[in-house]
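Data first, discussion second: the structure below is written as C-alpha cells.
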Amino acid sequence: MEKLIIMDSIKSMSWDLSKDTAPFRPPSPDKALAEALSTAGVSGARRAVAAAQQVVITGEGPAELCLDLVAGWNLISLNVRPISAGRPLTRMCEIVADLEEACDAIFAFDGRQYRSCFPQLPAEMSDLVRFSPLAGYWMHMNQSRRWCVRGELLDPETAIPLRRGWNLVSYLPDVSQATAEALANIGEQCDVVFTYRGDTWASYQPGRPTGADSLQTLVPGEGYWIKMRESATLKYRKPRRPTPTPPAPTVTPEPSPQPGRRIVIDPLTRIEGHLRLEVNVDNGVVTDAWSSGTMFRGVELILKGRDPREAWAFTQRLCGVCTTVHALASVRAVENALGITVPDNARLIRNLIDGAQFVQDHVIHFYHLHALDWVDVISALSADPNATSSLARSISDWPNSSVEYFARVKARLQNVVNSGQLGLFANGYWGHPAYVLPPEANLLAAAHYLEALDWQREYIKMHAYLGGKNPHPQTYLVGGMATPVGPEGTAGITPSIIQQMRVLSQKAIELVSKVYLKDLLLVASQYPDWAGTGGGYGNLLAFGDFPEASSSQAPGGDPAHLWMPQGIILGGDLGNLGSLDPSRIEEYVAHSYYRYVDGDGVGKHPYQGETLPDYTGPQPPFDALYVDAKYSWLKAPRYNGTPMEVGPLARVGVAYAAGHPRIRQLVDDVLAALGAGPEALFSTLGRVAARGIETLAIAERMLGWLDELEANIGRGDLAIHNGAKWDPATWPVEAQGWGTTEAPRGALGHWVKIANGKIANYQMVVPTTWNGSPRDAAGNRGAWEQALIGTPVADPRRPVEILRTVHSFDPCLACSVHLVDAGGEELGRVTFGTF
C-alpha cells in the first residue's frame with residue numbers, strides 16, 4: 001500500500017494515498033477540485049470544521065484575529081500581516097510556532113502545485129516558506145486549539161490576482177458579508193466557490209437562484225477555493241456597516257446578569273429538537289433565563305426558485321411530531337396569494353386531519369412528555385393496588401380501574417427496575433422533594449401513561465384514512481385535497497370510512513374526558529402553588545383555526561367564521577380581546593445567529609424576511625453562551641414590538657374572552673373544580689389545563705365535521721378540489737399571500753412571494769419561535785424566558801421545576817431550527833456554578 005510517512009523522533013504523520021479522497025470532494029458534479037486536492041498527498045483527513053470564531057480588535061494598536069481550530073483539517077485564512085514583539089513575521093513556520101505540537105501540517109496552493117510546511121520537522125523539509133495574507137491555507141491539527149494572530153489589518157479592498165482555474169485565497173474584510181455581494185467584481189468570470197465547513201463542502205455558483213447555494217456568507221478566518229473561467233483581479237467589496245437602530249425609548253435595556261448560580265441544561269429532553277437553557281438562580285429562585293435553539297433552519301432557502309404548489313411537501317418535513325400543520329399553512333398561503341377558495345369537502349377533510357393531530361398530540365404531550373415532571377414513577381412501586389383502585393374509581397368510571405389491573409402495572413414497573421435497565425425512566429429526578437403526589441396517584445398516572453401509548457397508535461389511523469399515512473399525510477393540494485369522496489363502492493372516503501372514524505372519535509372523547517382530564521385535575525389539586533407560577537407576560541396571540549365556512553380561509557375571508565377564534569390579549573386582561581393585525585408581526589435578530597442587510601436592530605415583516613445565517617457564538621465544547629450578544633438560532637417574533645405567547649393557553653384565553661360557548665363552559669368547570677379564578681390560567685398549571693380543555697372540545701367537534709362530510713356525500717356534493725387556477729399560466733406575474741393554522745403548539749404562519757410562477761421568498765414564523773425566542777433588539781425576553789422568572793429551584797443539580805414550566809409550552813425545536821454540526825455535541829448535561 002502506497003503511503004506518505006513523515007517521521008521524527010517524537011511522532012509520525014501518515015496519509016494513506018491509496019484510499020478515497022472523500023474529505024476533499026465538493027458536493028458538485030465538478031471533479032476538478034477533488035482531483036486538484038488529491039495531488040497534495042493529504043487524503044485521509046477524518047474531520048474538518050472551518051475556523052468560525054473571529055474576534056477582531058480594531059482601533060489603537062494592532063488588530064487580532066482569533067480562530068477556533070479543531071482536530072483534523074481546517075481551511076483558513078488570515079486577514080492580518082502578523083507581528084510579534086514589534087517585528088513583522090513573514091515565514092509560515094514562525095507564524096504558527098505558538099501552536100507548538102498541535103499543528104501537524106500546513107498546505108498552500110500557488111495555482112499550479114501545493115506547497116507544504118511541517119512545523120515539527122526541520123525547515124529544509126518544507127517548501128512553504130513565505131506567508132501571504134492573500135492566500136488560503138489547509139491546516140491539519142492533531143488537537144483543538146484557539147489560535148490568535150496579532151498584526152496589521154489589511155485593507156479589505158486589497159487586490160488579489162486570480163488565475164484561470166483553481167485559486168486558494170483569503171477573505172480580507174473583518175466582518176462577514178453575503179457571498180454575491182463580496183465577489184461582485186468577479187461575478188462574470190467566476191465559475192464556482194467552495195469552502196470546507198463541518199465535514200462538508202459549502203458552495204456558491206454565480207447565476208443560480210438566490211438561496212440555492214450553501215455558501216451564503218463569506219466569513220473572516222475562512223479560506224476559499226475559487227475556480228475562474230478567465231484570469232481576473234478580485235477586490236472584495238467593503239462591507240456596509242449600518243447604524244444600529246436604538247431601542248425603543250419606553251423599554252429599559254436588559255440589565256447585566258445578577259449574582260447567583262448559573263444552571264445550564266443542554267439538551268433539555270422530552271421535547272422535539274435541541275434546546276439549551278441557561279438560568280441564573282439566587283436564593284432558590286430563577287432570576288434570569290436564556291433560551292437557545294442550537295440548530296439552524298434553512299428550509300426557506302431550499303424553497304426559493306421552486307414551484308409554490310409543491311412547497312407544502314417540503315415544509316411538512318420540518319417536523320414529524322405535529323406532522324400535518326406546515327402542509328396546511330403552506331397550501332393556505334399559496335391559495336391566499338392566488339385567490340383560490342377550496343370546496344367545502346376539502347375544508348372538512350383539512351379540519352379533520354388537523355383536529356386529529358391536536359387530539360393525539362395533546363394526549364402524548366401530557367402523558368409522555370410532561371407527566372414525568374409531576375409524577376415520580378419509582379414512587380409507584382410502593383403503592384397499594386387496592387388504594388390505587390379506590391382512588392381511580394373515586395374520580396372516574398373508566399373501566400380499567402380494578403385492583404388486579406393496577407397490580408399488573410406495578411409488577412411491570414418492578415420488572416423494569418429489577419432489570420437495571422430503566423430505559424426512558426433512567427434519567428428522571430426520582431425522589432426529588434418537589435414531587436408531592438402520593439404513591440397511589442403515581443401508580444395511577446403510570447398506568448395511564450402505558451394505556452395512552454396504545455390508544456394514540458390506534459387513534460391516529462384517522463390520518464391514514466384521510467391523508468394516506470402518518471406522519472406526513474400526502475393528500476394536500478393547492479386548491480383542495482387529493483383524496484376523493486363518494487358513496488359506498490367508490491375509492492376514497494365513503495360513509496363506511498366515516499363510520500370507522502366516528503368510532504375512533506367517540507373513543508377519543510371517552511379517554512380524554514374520563515382519563516386525561518381527570519388525571520390533569522388530580523395533578524393540579526396536589527400542586528396548587530403552580531397555579532401562581534410561570535405565567536410570564538400574559539400576552540396571548542391566536543391566529544384562530546378550523547374554518548366553519550370555506551370563505552373564512554379565502555383571501556379577505558371573515559375570521560369570525562373560525563371555530564377557534566382569532567385575537568390578542570395583553571397583560572392577562574381576559575376582558576379586553578383585541579383584533580389581530582398581521583401587518584404588525586415582525587422578526588428580530590439582535591440576539592439570533594442571523595444578520596439583516598439593513599442592520600440587526602430592525603424588525604422585518606415576514607414578507608420582507610431574510611434568512612441569512614451568521615453564527616457568532618462560542619465553538620463547542622463551551623461552558624456558557626454569549627448571552628449579551630447573539631445566543632440562539634431562533635429569531636425573535638414580536639407583535640407590534642411586544643413578546644407574545646402562543647399555544648393552548650393563548651387559544652383558550654382568546655376563546656374564553658370571545659365567549660366561545662364550549663370553551664367557556666369547560667374552563668369554568670375546571671376552575672371551579674380547583675377552586676380558582678380565571679387569573680389562574682396565566683401559570684404553568686393554567687397552560688397544562690388549557691391543553692386538556694381544548695383537547696376535549698376538539699375531540700367533540702370532530703363528530704360534527706364527520707356528520708357534515710357524510711351529509712355532503714349523501715346529497716351528491718363530491719367536489720374535493722378547485723382547479724381553476726392550477727395552471728401557472730393563470731397566475732399574475734407577481735403575487736403574495738399568507739396562510740395560518742393553529743398547530744398544537746401555537747400560532748403558525750407561512751408567508752410567500754411568487755414571481756413568474758416561482759417562489760421568490762418564503763418565510764415561516766412558527767410556535768416555538770414565538771415562545772422560545774431570545775431577546776429582541778429592545779432587550780425583551782422571549783415568552784418562556786420570562787415565564788421562568790420566579791420559578792423555585794430546590795436542588796440546582798436536579799432542576800425539575802425549570803422543566804415543568806418549559807415543558808408546559810411543549811417546545812418543538814425542529815420547525816424552529818434545523819441542521820446541527822455533530823462535532824462536540826454532548827448527550828446530556830446539567831451544570832451549575834457561581835459566576
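One-based numbering along the sequence shown.
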* Asked: Could you walk me through whether Arg662 and Glu694 pass the salt bridge (charged side-chain N to carboxylate O under 4.0 Å, His left out) check?
  -> CA-CA 9 Å; Arg662 184 55 173 151; Glu694 77 168 2; over 6 Å; no
Could you tell me if [Y] and [X] have a donor-acceptor pair between their side chains, going purely by distance under 3.5 Å?
X      : Y      : result
Tyr537 : Asn780 : no
Thr642 : Asn640 : no
Thr684 : Thr805 : yes

Parallel, tilted or perpendicular, judged at 30° and 60°: which one describes the rings of [X] and [Y]?
X      : Y      : value
Trp563 : Phe546 : perpendicular
Trp738 : Trp751 : parallel
His750 : His326 : tilted
Tyr459 : Trp455 : parallel

Test item: [X] side-chain N/O and [Y] main-chain N/O as donor-acceptor pair under 3.5 Å:
X      : Y      : value
Thr315 : Ala311 : yes
Asn351 : Pro547 : yes
Asn771 : Val646 : yes
Ser330 : Trp312 : yes
Arg664 : Tyr656 : yes
Arg347 : Gly480 : no
Gln763 : Glu300 : no
Tyr594 : Trp633 : yes
Asp727 : Ala729 : yes
Ser396 : Lys514 : yes

* Mind running side chain to side chain donor-acceptor pair (under 3.5 Å) on Tyr639 and Asn539 for me, showing each step along the way? => CA-CA 10 Å; Tyr639 181 81; Asn539 300 332; over 6 Å; no
* To do: Using the ring of Phe809 (Phe, Tyr or Trp, six-membered ring only), decide whether Arg687 places NZ or CZ under 6.0 Å from its centre and within 45 degrees of its axis.
  =>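 Here Arg687 passes the 6.0 Å and 45° test against Phe809.
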* To do: Please confirm whether Lys304 makes a cation-pi placement over Tyr762, using NZ or CZ under 6.0 Å from the six-membered ring centre and within 45° of the ring normal.
  =>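 Verdict for Tyr762: no cation-pi partner in Lys304.
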Restricting to non-hydrogen atoms, name the atom on [X] and the atom on [Y] that form the minimum distance, rounded to 0.1 Å.
X      : Y      : answer
Gly293 : Leu634 : CA-CD1, 3.4 Å
His463 : Asn470 : ND1-ND2, 2.9 Å
Gly677 : Leu671 : O-CD2, 3.5 Å
Arg457 : Ile460 : O-CG2, 3.8 Å

Could you check whether any side-chain heavy atom of [X] comes within less than 4.5 Å of a side-chain heavy atom of [Y], counting everything from C-beta outward?
X      : Y      : value
His368 : Val363 : no
Phe366 : Leu520 : yes
Leu477 : Val331 : no

Look up atom [atom1] in [X] and atom [atom2] in [Y], then write down how far apart they are to the nearest 0.5 Å.
X      : Y      : atom1 : atom2 : answer
Asn345 : Ile720 : CG    : CD1   : 5.0 Å
His561 : Glu548 : NE2   : CD    : 10.0 Å
Met462 : Gln360 : CE    : CD    : 11.0 Å
Asp545 : Gln566 : CG    : CD    : 10.5 Å
Ile493 : Leu718 : CD1   : CG    : 11.5 Å
Ile693 : Ile698 : CD1   : CD1   : 12.0 Å

* Lys507 atom NZ: more than 12 heavy-atom contacts under 6.0 Å ->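 It does not: Lys507 NZ has 12 such atoms or fewer within range.
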* Gln500, CD atom: more than 12 neighbouring heavy atoms under 6.0 Å -> yes
* Ile568/Met644 under side-chain contact (heavy atoms from CB on, under 4.5 Å): CA gap, chis, key distance, verdict -> CA-CA 9 Å; Ile568 62 169; Met644 306 297 287; 4.2 Å; yes
So, [X] and [Y], do they make that salt bridge, N to O below 4.0 Å?
X      : Y      : value
Lys753 : Glu734 : no
Glu458 : Lys461 : yes
Arg701 : Glu708 : yes
Glu335 : Arg350 : yes

* To do: Applying salt bridge (charged side-chain N to carboxylate O under 4.0 Å, His left out), run through Arg781 and Asp776 and close with a yes or a no.
  => CA-CA 7 Å; Arg781 299 181 184 95; Asp776 55 30; over 6 Å; no
* **Residue pair Glu488, Ser496: steps toward the side chain to side chain donor-acceptor pair (under 3.5 Å) verdict** => CA-CA 7 Å; Glu488 296 295 351; Ser496 62; 3.2 Å; yes
* Centroid-centroid distance, His362 to Phe358, less than 6.0 Å -> yes
* Asked: When you look at Glu451 and Trp398, which way does the side chain to side chain donor-acceptor pair (under 3.5 Å) test go after all the steps?
  -> CA-CA 12 Å; Glu451 282 189 65; Trp398 184 246; 3.0 Å; yes
